[in-house]
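Single-structure report; data block below.
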Amino acid sequence: MNSGQSSYVWQLSAVTDIATDRGWGTASTRYCKVSVIASSTGIVEQLNTEDSNAGYGLGGVVGMYGSICGQRLGMKPQG
């Protein structure tokens with residue numbers, strides 16, 4: 001970057017969840033993308049995470065399954 005900062009992006013390996021019930025099932029693949037901007041001295045100035053898919057159905061929409069980034073990075077939910 002022109003300012004001397006560095007930009008890094010990691011995509012953590014995907015997780016596929018499969019739920020079945022009485023002969024039918026649903027598969028959901030989720031991954032976590034982490035983006036970091038670091039100063040020229042290596043200090044993290046900005047960190048963003050992006051969940052590819054929060055899960056399936058209404059539960060995924062309301063965040064019932066939690067964040068795959070939070071799970072993969074060992075973060076505790078904030079209340």
Side-chain angles (χ1 to χ4, degrees):
M1 299 176 82
N2 290 340
S3 62
Q5 296 172 312
S6 298
S7 175
Y8 303 93
V9 177
W10 294 274
Q11 181 172 311
L12 305 181
S13 60
V15 174
T16 300
D17 299 317
I18 300 174
T20 61
D21 183 34
R22 299 182 189 161
W24 66 274
T26 306
S28 174
T29 300
R30 304 181 300 155
Y31 66 85
C32 172
K33 181 176 167 182
V34 180
S35 304
V36 170
I37 296 187
S39 70
S40 59
T41 59
I43 296 172
V44 173
E45 295 180 341
Q46 182 178 345
L47 182 138
N48 294 308
T49 61
E50 176 186 329
D51 284 300
S52 66
N53 185 346
Y56 58 90
L58 183 59
V61 171
V62 298
M64 188 170 129
Y65 307 113
S67 162
I68 189 68
C69 288
Q71 292 170 8
R72 298 298 299 269
L73 298 172
M75 300 166 68
K76 295 181 181 178
Q78 295 184 1

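- T49 and C69 make their closest contact through CB-SG, 3.7 Å (heavy atoms, listed as atom of the first residue, atom of the second, distance).
- Looking at heavy atoms from C-beta onward, W10 lies in side-chain contact with V36 at the 4.5 angstrom threshold.
- Under the rule for a side-chain contact (heavy atoms from CB on, under 4.5 Å), S40 has no partner lying at least two apart in sequence or in another chain.
- With rounding to the nearest 0.5 Å, the separation of CD1 in I37 from OG in S6 is 10.0 Å.
- Partners of E45 according to the side-chain hydrogen bond (donor to acceptor under 3.5 Å, both in side chains) rule, which considers only residues two or more places apart in sequence or in another chain, are Q5.
- Cluster annotation: V44 is connected to L12 through the hydrophobic network of ILVMFWY side chains, with a link wherever side-chain heavy atoms come within less than 4.5 Å.
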